[in-house]
Amino acid sequence: MASGQTARALPQPAVVSWSGGKDSTLMLERLLHDERVEVRALLTTVSTVYDRVSIHGVRRSILRAQAASLGLPLFEVALGAHASNEDYEAAFARGVQQLEAAYPDTRCLAFGDLFLEDVRAYREAMLARLGWRGLYPLWGEETGALARYFVQRGYEATLTCVDTQQLDGAFAGRRYDDALLDALPATVDPCGERGEFHTCVTGGPIFDHPIAVATGERVLRDERFQYCDLVEVPPGPAGRAASGAGA
């Protein structure tokens, strides 16, 4: 090395906690543009009973299509129905063990959390017990600005779950766009950080190709959570027409 030059530190390997929603997407975008970080894989909690992403209610087939479009390996943490915290933590530990086997030099898991201190503290405690640490690229950022940035960047997303105790269930199935942001009540965080709603991202700058979907069945669960199913649309003119009409 020539005199005066300094060695550049190797990027830190990390796995992304991936829900398939907009905050995960913005977090991943941030990391992909950060030379200090090397994203190795995605980790997602899924319900084996419903064959869907936990909480968000998105089909696992769409989750896998997202991973394929992102070009990243996907690790799935399987949970049963009505899993307790203990069940979740045990399943999470098994998922981390799989990650350690695949990437022995990786001990960092990135989250899209924005401002909930109790959620972050819970994650930190759970990771510490497993010898891992958390990374929070979006922490503390203004959620209104993040929401508008997401839309302006050209990402495509749909609300798949709405907590009807915080937001009208009619919002389930709507596109996450400027019109939706303008229509949200002042009591609802623009990023849904308090659990007001959850999204599924189906296209945008970091995806190799968009995932064509249409909205399907609507289901109210636990007399509170309004879900709107997203269904993959096959390629071709008929599929494109259905996608444009439904999503």
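Note that the structure is predicted; figures quoted are calculated from it, not measured. Sequential numbering from 1 along the given sequence is applied to the chain's residues.
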Is there a side-chain contact between [X] and [Y] in this structure, where contact means two heavy atoms from C-beta onward sitting under 4.5 Å apart?
{"X": "I211", "Y": "E232", "result": "yes"}
{"X": "L159", "Y": "C228", "result": "no"}
{"X": "V96", "Y": "F75", "result": "no"}
{"X": "D34", "Y": "P137", "result": "no"}
{"X": "L135", "Y": "F111", "result": "no"}
{"X": "L99", "Y": "T106", "result": "no"}
{"X": "Y155", "Y": "I206", "result": "yes"}
{"X": "Q226", "Y": "D168", "result": "no"}

Query - NZ/NE/NH1/NH2 to OD/OE distance under 4.0 Å, D222 and R224 - result: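 No salt bridge links D222 with R224.
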
Requested in this report: In plain terms, say whether D105 and R40 are close enough for a salt bridge, that is, a side-chain N and a carboxylate O under 4.0 Å apart.
Outcome: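 Salt bridge: yes.
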
Please say yes or no: joined through hydrophobic side-chain contacts below 4.5 Å, possibly via intermediate residues, are [X] and [Y] part of one cluster?
{"X": "L167", "Y": "L181", "value": "yes"}
{"X": "V201", "Y": "V231", "value": "no"}
{"X": "L43", "Y": "Y122", "value": "yes"}
{"X": "L63", "Y": "V77", "value": "no"}
{"X": "V188", "Y": "V119", "value": "yes"}

Can you give me the closest heavy-atom contact between [X] and [Y], atom names plus distance?
{"X": "V233", "Y": "A214", "value": "CG2-N, 3.6 Å"}
{"X": "F171", "Y": "A183", "value": "CZ-O, 3.8 Å"}
{"X": "C191", "Y": "L114", "value": "CB-CD1, 3.6 Å"}
{"X": "C200", "Y": "L230", "value": "CB-CD1, 3.8 Å"}
{"X": "S54", "Y": "L79", "value": "OG-CD1, 4.2 Å"}
{"X": "V162", "Y": "A172", "value": "CG2-N, 3.5 Å"}

Nearest 0.5 angstrom please: [X] [atom1] to [Y] [atom2], how far?
{"X": "R64", "Y": "L42", "atom1": "CZ", "atom2": "CG", "answer": "13.0 Å"}
{"X": "T202", "Y": "R175", "atom1": "OG1", "atom2": "CZ", "answer": "7.0 Å"}
{"X": "I62", "Y": "T158", "atom1": "CD1", "atom2": "OG1", "answer": "9.0 Å"}
{"X": "D113", "Y": "D23", "atom1": "CG", "atom2": "CG", "answer": "8.5 Å"}
{"X": "E117", "Y": "R120", "atom1": "CD", "atom2": "CZ", "answer": "7.5 Å"}
{"X": "Q12", "Y": "R36", "atom1": "CD", "atom2": "CZ", "answer": "9.5 Å"}

Query raised in the report: Without hydrogens or angle criteria, can the side chains of E29 and Y149 be said to hold a donor-acceptor pair below 3.5 Å?
Result: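 E29 vs Y149: donor-acceptor pair found between side chains.
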
Report task. Could you tell me whether the side chains of T143 and E193 share a donor-acceptor contact shorter than 3.5 Å? Result ->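 No, no side-chain donor-acceptor contact under 3.5 Å.
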
Which atom pairs, one a donor and one an acceptor, fall under 3.5 Å between side chains of residues 13-20 and the rest of the protein, sequence neighbours left out?
{"unit_1": "W18", "atom_1": "NE1", "unit_2": "Q66", "atom_2": "OE1", "d": "3.1"}
{"unit_1": "S19", "atom_1": "OG", "unit_2": "G21", "atom_2": "N", "d": "3.1"}
{"unit_1": "S19", "atom_1": "OG", "unit_2": "S24", "atom_2": "OG", "d": "3.1"}

Look at the side chain of [X] and the backbone N and O of [Y], then say whether any donor-acceptor pair between them is shorter than 3.5 Å.
{"X": "S69", "Y": "D208", "result": "yes"}
{"X": "Q165", "Y": "D163", "result": "no"}
{"X": "H56", "Y": "T199", "result": "yes"}

Query raised in the report: Taking only residues at least two apart or on different chains, which pairs with a member in residues 90-100 satisfy side-chain hydrogen bond (donor to acceptor under 3.5 Å, both in side chains)?
Result: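 Counting only pairs at least two positions apart or across chains, the side-chain hydrogen bond (donor to acceptor under 3.5 Å, both in side chains) contacts touching residues 90-100 are E100-W132.
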
Query raised in the report: Can R174 be said to sit on top of F197's aromatic six-ring, NZ or CZ under 6.0 Å from centre and within 45° of the ring axis?
Result: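 Cation-pi check for R174 and F197: fails.
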
**Report entry** Chi angles and distances behind the side-chain contact (heavy atoms from CB on, under 4.5 Å) call for R194, F115
**Finding:** CA-CA 9 Å; R194 300 183 184 89; F115 60 74; 4.0 Å; yes

Query raised in the report: Got more than 12 heavy atoms from elsewhere within 6.0 Å of CZ, R218?
Result: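 Atom CZ in R218 is crowded, with more than 12 foreign heavy atoms closer than 6.0 Å.
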
Query raised in the report: Quick check: are there more than 12 heavy atoms from other residues, nucleotides or ligands sitting under 6.0 Å from CD1 of I55?
Result: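 Incorrect, the count does not exceed 12.
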
Report task. Classify the angle between the aromatic ring planes of Y88 and F92 as parallel (below 30°), tilted (30 to 60°) or perpendicular (above 60°). Result ->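 The rings of Y88 and F92 sit tilted, inter-plane angle from 30° to 60°.
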
**Report entry** Pair Y176 and F150, ring centroids less than 6.0 Å apart
**Finding:**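 So the answer is yes for these two rings.
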
Report task. Please report the C-alpha distance between V53 and T160 in whole Å, then the side-chain angles of each, then the deciding distance to 0.1 Å, and finally whether the side-chain contact (heavy atoms from CB on, under 4.5 Å) criterion is met. Result -> CA-CA 11 Å; V53 177; T160 57; over 6 Å; no

**Report entry** CA sep, side-chain torsions, deciding dist, call: R123, Y136, side-chain contact (heavy atoms from CB on, under 4.5 Å)
**Finding:** CA-CA 11 Å; R123 298 198 199 282; Y136 306 88; 3.7 Å; yes

**Report entry** Residue list, ring-ring contact (aromatic ring centres under 6.0 Å, His included) with F225, at least two apart or on another chain
**Finding:**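 Applying ring-ring contact (aromatic ring centres under 6.0 Å, His included) to F225 gives none.
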
Requested in this report: Determine, stepwise, if the pair R129 / E89 fulfils salt bridge (charged side-chain N to carboxylate O under 4.0 Å, His left out).
Outcome: CA-CA 11 Å; R129 290 194 295 271; E89 291 175 11; 3.4 Å; yes

